[in-house]
Visitor: 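Submitted below is the structure of interest, expressed as structure tokens.
Values reported hereafter were calculated over all heavy atoms of this structure, with side chains retained and with hydrogens, waters and symmetry mates removed. Chain naming here is simple, since letters A, B, ... match the order of the sequence lines and numbering starts at 1 in each.
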Number of protein chains: 2
Amino acid sequence: MAPPARRAPLSTERVLRAAVDLADVAGVEAVSMRRLAQELGVVPMALYKHVANKDQLLDGMVDVVLAEIDPADPALDWQAAVRARVLSARQAVLRHPWARQAIESRTHRTPTVLGHMDSLAGAFRRGGFSADLTHHVMHALGNRIWGFSPELFYEPPAADAATPSVAEQQALAAEFAERYPHILEIAVAATGGDLSGVGGGCDEQFEFEFALDLLLDGFDRLRVQGWSSRRS
Amino acid sequence: MAPPARRAPLSTERVLRAAVDLADVAGVEAVSMRRLAQELGVVPMALYKHVANKDQLLDGMVDVVLAEIDPADPALDWQAAVRARVLSARQAVLRHPWARQAIESRTHRTPTVLGHMDSLAGAFRRGGFSADLTHHVMHALGNRIWGFSPELFYEPPAADAATPSVAEQQALAAEFAERYPHILEIAVAATGGDLSGVGGGCDEQFEFEFALDLLLDGFDRLRVQGWSSRRS
DNA sequence: ACCTGAACACCGTTCAAGT
DNA sequence: ACCTGAACACCGTTCAAGT
């Protein structure tokens, strides 16, 4: 008997591509070696030919996302260059909702990760920042380098929870207003009064650019001052 | 026969305390329901009397850490109040190295979490920030609210990797210098030339306060300008 | 030499059986 | 009514046996 029809031969590329697709449709928590192998019509151990282990698989998945970032435009001044790079990273991360968490969980710096960091650092250096100040401002940018900031106020709707009665809702709201008056104020200001799910109406893109531009302005002020650290 | 000597009866407190201790000594990845039960001399299912599931266990562990934050001092002006609160949170998080990761992985806002956020928001409001601006600046602070910023440059030493020969080290360093010249500059500036482990010598506390004060200065500038969002 | 099935040492959680 | 052992449906990875 002839062997059954074979799938196209595996490759690291095909494995990573499949992992990214799987994460896109089923979430990153669904990406296990076993499930991924099944998705590829392959025995789990076959994957270990192309990725050393699961950590390396996740590194590779992050690399796939970062490869979607637009290349740097050398014609831009430092502020526009950093802004463009960071907002492009944001577009890539928004395309893959699992990417935030994956990036934050990674401790290993792959060449792709280092490349993005080096490109950003280069933009600051060309803009007249000292190496020292470049180091500090990149720390200050934090995860905004990767196009996201922490989701401070997000809470996924508990779809399974029994919807409370109107009376219960009012009691909960009253207790919330008493215990956390300032969070309530904030939520009202952010949503214009529509509080269906506290914090749900927050405009993430606005918050991202607000903080980004605040930081970039602060950086520029230090740059023109010729700031340098006066540590011991 | 008398039953064997019993351990002190369980309680949510005792379970959480044990989980925090276990995470402190063995890392958060060692905290499994089964391992934790074993540590308490108890059958795994016994834990489910005191925590609904593992997610709630992690929520409780975060709460234990946040409970270590100093209470707010009403005598301070807004800038000093926010600074004190955030730096106190930092002390708590530094005492429990697993707390960063645990906080970042949580999506559920417990009363303790909401309480800390409300307290910070209150400091801004009392300082003359509008509810709207308070919302934005808290987003801009991001995870600094919890006393940490992402570890951009950290890489744990690969203790298991065979130490490369001197020649190999030099070749690696040369390739690194060529591919990532700006990261190298930054590392040199940060460590004063000692590059035993790129990025290892970075003063995290300094970076944290640098970014914190940069942000607080920016916030103050917006406050005195009477900034308000001009969204459609 | 290559490939892979079974096995190992784990998970979180359900559930029925036992007291 | 309470408690809990066994079981279920998973993990990542090793390793020896098979071709």
Visitor: Minimum heavy-atom separation for A:I183 to B:M117, with atom names?
Guide: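 Residues A:I183 and B:M117, closest heavy atoms: CD1-CB, 3.9 Å.
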Visitor: Can you tell me how far P in C:dC10 sits from the matching atom in D:dA9, rounded to whole Å?
Guide: 22 Å
Visitor: Do NZ/NE/NH1/NH2 and the carboxylate oxygens of A:E104 and A:R100 come within less than 4.0 Å?
Guide: no
Visitor: Which whole-number value in Å describes the distance from B:Q56 CD to C:dG12 C1'?
Guide: 14 Å
Visitor: Are B:H136 and A:F206 close enough that their ring centres sit under 6.0 Å apart?
Guide: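 Yes; A:F206 has its ring centre under 6.0 Å from that of B:H136.
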Visitor: Quick one: B:N53 CG to C:dT14 C1', roughly how many Å, whole number?
Guide: 13 Å
Visitor: Under 4.0 Å between a side-chain nitrogen and a carboxylate oxygen: does that hold for B:R85 and B:D73?
Guide: no
Visitor: Checking side-chain polar atoms at under 3.5 Å, does A:E68 have a donor or acceptor matched by the opposite partner on A:H96?
Guide: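 Result is yes, a qualifying pair exists.
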Visitor: Let me know the distance between CG of B:L47 and P of D:dG5, rounded to the nearest Å.
Guide: 13 Å
Visitor: Does the distance from a Lys or Arg side-chain N to an Asp or Glu carboxylate O, for B:R17 and B:E13, drop under 4.0 Å?
Guide: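 No.
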Visitor: For B:Q101, look at atom CD and say whether over 12 heavy atoms of other residues, nucleotides or ligands are found less than 6.0 Å away.
Guide: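 No, the 6.0 Å shell around CD holds no more than 12 heavy atoms from other groups.
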Visitor: Measuring from the side chain of A:M45 (C-beta onward, heavy atoms only), which nucleotide among C:dT4, D:dG5, C:dG12 has the closest atom?
Guide: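 In terms of side-chain proximity for A:M45, the closest of C:dT4, D:dG5, C:dG12 is C:dT4.
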Visitor: Sort by first number and list every stem of DNA chain D: at least 3 consecutive Watson-Crick or G-U wobble pairs, both distances under 3.5 Å.
Guide: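 When the pairs of DNA chain D are grouped into runs of at least three, the stems are C:4-8 with D:12-16, C:12-16 with D:4-8.
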Visitor: Under 4.0 Å from OP1 or OP2 of D:dC3: is there any side-chain N or O of B:K49 that close?
Guide: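 So the side-chain polar atoms of B:K49 do come within 4.0 Å of the phosphate oxygens OP1 or OP2 of D:dC3, strictly under.
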Visitor: Do B:F124 and A:H182 have ring centres separated by under 6.0 Å?
Guide: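 Aromatic pair excluded; centres sit 6.0 Å or further apart.
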Visitor: Short question: side chain of B:T12, backbone of B:H50 - any donor-acceptor pair under 3.5 Å?
Guide: yes
Visitor: Going by heavy atoms closer than 4.0 Å, what residues in residues 28-37 of chain A are next to DNA chain C?
Guide: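 A:R34 - these, ordered by number, are the residues of the stretch whose heavy atoms sit under 4.0 Å from the strand.
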Visitor: Round to a whole Å and report the spacing from CD of A:Q38 to P of D:dG12.
Guide: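 It is 12 Å, rounded to the nearest whole Å.
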Visitor: For D:dT19 versus C:dA7, give the span between their P atoms, rounded off to a whole number of Å.
Guide: 16 Å
Visitor: Specify the closest pair of heavy atoms between B:W146 and B:I103, including all atoms of both residues, with the distance to one decimal.
Guide: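 Looking at all heavy atoms of both residues, the shortest contact is CD1-CG2, 3.7 Å.
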Visitor: Expressed as a whole number of Å, how far does the C1' atom of D:dG12 sit from that of C:dT14?
Guide: 24 Å
Visitor: Got a list of protein N/O to nucleotides 16-19 of chain D N/O distances below 3.5 Å?
Guide:
none

Visitor: What's the NZ-P distance between A:K54 and D:dC11, to the nearest Å?
Guide: 8 Å
Visitor: May I ask you to establish whether B:R90 and B:F148 are in a cation-pi arrangement, using a distance under 6.0 Å from NZ or CZ to the six-membered ring centre and at most 45° from the ring axis?
Guide: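 No, B:R90 does not lie over the aromatic ring of B:F148.
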